[in-house]
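Right, one structure below, let's go through it.
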Amino acid sequence: MRYLSIYIIGLIFGLGISLSGMSNPAKVINFFDIAGTWDPSLIFVMGGALIVTFIGYRLVLPRPSGPIFEGKFALPTATKLDARLIGGSALFGVGWGIAGFCPGGALPAIGTGRIEVLAFIVAMLGGIFVARAIISARQNAQLNSNVKRA
Amino acid sequence: METEFTPLLSATGGILIGLASVLLMLTLGRVMGATGILTGLLAPASRSDFSWRAALLLGMITGPAAHLLLRGEMPEISVPVSLPLLLVGGFIVGLGVTFGSGCTSGHGVCGMARLSKRSIVATLTFMVTTAITVFVMRHVIGG
């Protein structure tokens, strides 16, 4: 039941992305190309998704019994606006603007079997691995210097 | 390259994306962020952590087939950039979403809906840098 439900939720997301145009780089890039061949469609994706999620979260999150299959809600806990968040987000935008795919748009599009999607995903995985290596190297350096200071 | 303005289809897609986000919160108590789901799949905390992410990703990948059933065609994918640019863009996206802990779905939809300060700042930041990048690629370099 648990995994069937989660599979169906993924299917709803994947169908939504497919209908919305978020997995079409030409459409994504045109959304940002206000000075050129502007296509404002994606504002309707963002608007539709935000309205439903905003209302839905307010109905779901107060449930005293928590989520159906888990003990409690696992919401992100970070609150600090740091350089990593802002720099990372800025970088993500540069990549999104160059390629036209974002992770949420590209993952469902794997199902089209298109080689361009796979090429993007492989390159993105490369970036994820490099970034993770940098983050863990920094954390280790931080730990070492703390140990020395102590 | 012109693309057709599709407000109804795009809004329908957006509503389904929102519905999936709400249902994932209702069932697992988790945020629907493509970055987090993929990253967690590569380094899962436990076997059950791997299983739900795999089930979700499998569902996502079936999305285009459902689109084919409903509309008689696969979702349109036109890539207006060269393969090297696609790879460079993909690599930068991978770096950015890992350092920034999220992307359009995690920050842009789920985080914004929770009115998370981090997600609002992240979303504004990447919307601005995407617009600048598209402007530079199309109108400064591309001509």
Side-chain angles (χ1 to χ4, degrees), chain A residues 3 6-7 9-16 18-20 24-27 30 32-33 37 39 41 44-45 48-49 52-54 56-57 60 67-70 73-74 84 88-99 102-104 107-108 110-112 114 116 120 123-124 126-128 131, chain B residues 1-3 6-7 9-11 13-18 20-27 29 34-35 52 55-56 59-64 66-67 74-80 86-87 89-100 103-105 109 113 122 125-126 129-131 133-134:
Chain A
Y3 292 113
I6 297 169
Y7 171 82
I9 293 170
L11 179 59
I12 295 172
F13 183 86
L15 177 63
S18 301
L19 290 171
S20 72
N24 186 1
K27 207 168 174 65
N30 277 348
F32 288 98
D33 193 9
T37 49
D39 174 357
S41 303
F44 290 83
V45 183
V52 172
T53 312
F54 186 86
Y57 273 10
V60 166
I68 293 172
F69 298 130
E70 293 288 333
F73 295 106
R84 213 185 101 178
S89 300
L91 210 53
F92 162 53
V94 172
W96 195 24
I98 292 175
C102 62
L107 287 182
I110 295 173
T112 63
R114 291 279 293 269
E116 299 98 316
F120 171 84
M124 180 175 82
I128 290 175
Chain B
M1 186 202 292
E2 299 254 357
T3 49
T6 55
L9 267 183
S10 289
I15 288 167
L16 291 178
I17 294 166
S21 307
V22 174
L23 289 175
L24 193 68
M25 189 58 80
L26 175 66
T27 51
T35 299
W52 75 259
L56 193 69
M60 286 186 189
I61 293 174
T62 335
H67 184 282
M74 278 289 184
E76 190 187 338
I77 296 180
S78 336
V79 181
L86 191 62
L87 294 175
F91 186 79
I92 298 175
V93 166
L95 290 178
V97 298
T98 308
F99 287 125
C103 56
T104 342
S105 47
V109 176
T125 305
F126 67 66
T129 56
T130 309
T133 306
V134 168

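Residue numbering restarts at 1 for every chain, and letters A, B, ... go by the order of the sequence lines.
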### Task
Show the numbers, then the answer: is there a side-chain contact (heavy atoms from CB on, under 4.5 Å) between B:I77 and A:E116?
CA-CA 9 Å; B:I77 296 180; A:E116 299 98 316; 5.6 Å; no
### Query
Which distance, rounded to the nearest 0.5 Å, do you find between the OG of B:S10 and the CG of A:D39?
7.0 Å
### Task
Mind ranking B:G13, B:G90, B:A34 by heavy-atom pairs under 4.5 Å with chain A and telling me who comes out on top?
B:G90
### Message
Can you tell me how far apart CD1 (A:I98) and CZ (B:F91) are? Round to the nearest 0.5 Å.
### Response
12.0 Å
### Message
Within the 4.5 Å heavy-atom criterion, are B:T62 and A:Y7 side-chain neighbours or not?
### Response
yes
### Query
Quick one: of B:G29, B:P80, B:A122, who has the most non-hydrogen atom pairs under 4.5 Å with chain A?
B:G29
### Message
Please give me the minimum heavy-atom distance between B:G63 and A:S18, naming the atom from each residue.
### Response
C-OG, 3.7 Å
### Query
Given side chains that start at C-beta, do those of B:V93 and A:P103 come closer than 4.5 Å, heavy atoms only?
yes
## Note on the structure
Between the CE atom in A:M124 and the CD1 atom in B:I92, the distance rounded to the nearest 0.5 Å is 13.5 Å
### Message
Donor-acceptor check, side chain of A:S41 to backbone of B:P7, threshold 3.5 angstrom: yes or no?
### Response
no
### Message
Minimum heavy-atom separation for B:I17 and A:S20, please, with both atom names.
### Response
CD1-OG, 4.3 Å
## Note on the structure
In terms of heavy-atom pairs under 4.5 Å with chain B, the winner among A:P108, A:G126, A:A99, A:G56 is A:P108
### Query
Which atoms of B:T98 come close to chain A, meaning under 4.5 Å heavy atom to heavy atom: side chain ones, backbone ones, both, or neither?
both
## Note on the structure
Highest number of heavy-atom pairs under 4.5 Å with chain A among B:S78, B:A66, B:G100 belongs to B:S78
### Summary
Interface check, chain A: of B:L86, B:V97, B:T35, most non-hydrogen pairs under 4.5 Å belong to B:L86
### Message
Ignoring hydrogens, what is the shortest heavy-atom contact between A:A90 and B:T129? Give both atom names and the distance.
### Response
O-OG1, 2.9 Å
### Nearest non-hydrogen partners of B:H67 and A:L15, listed with the distance
N-CD1, 3.6 Å
### Summary
Here the pair of heavy atoms bringing B:V79 nearest to A:P25 is CG2-CG, 4.1 Å
### Query
Mind checking whether B:T104 and A:F92 have side chains closer than 4.5 Å, heavy atoms only?
yes
### Query
Listed by chain and number, what are the side-chain hydrogen bond (donor to acceptor under 3.5 Å, both in side chains) partners of B:T125, not counting sequence neighbours?
none
### Message
At a 4.5 Å cut-off on heavy atoms, which part of A:V60 comes close to chain B: side chain, backbone, both, or neither?
### Response
side chain
### Task
Under 4.5 Å, counting heavy-atom pairs only, tell me which of A:G93, A:A26, A:G88, A:G14 racks up the most with chain B.
A:G93
### Query
Considering all heavy atoms of both residues, which atom of A:T112 and which atom of B:P75 are nearest to each other, and what is their separation?
CG2-CG, 4.0 Å
### Message
Going by side-chain hydrogen bond (donor to acceptor under 3.5 Å, both in side chains), name the residues that satisfy it together with A:Y57, two or more places apart in sequence or in a different chain.
### Response
none
### Message
For the CD1 atom of A:I128 and the CZ atom of B:F99, what is their distance to the nearest 0.5 Å?
### Response
11.5 Å
#### Entry: Distance, nearest 0.5 Å, that separates CG of A:N24 from OG1 of B:T3
7.0 Å
### Task
Give, for atom OG1 of B:T130 and atom CG of A:D33, the distance between the pair rounded to the nearest 0.5 Å.
12.5 Å
#### Entry: Interface residue of largest heavy-atom contact number with chain B, from A:G16, A:G97, A:G104, under 4.5 Å
A:G16
### Message
Quick check on A:R84 against chain B: is it the side chain, the backbone, both or neither that has a heavy atom closer than 4.5 Å?
### Response
both
### Message
Need one label for B:M74: side chain, backbone, both or neither, based on atoms under 4.5 Å from any heavy atom in chain A.
### Response
side chain
### Query
Can you tell me if A:K27 and B:T6 form a side-chain donor-acceptor pair at under 3.5 Å?
yes
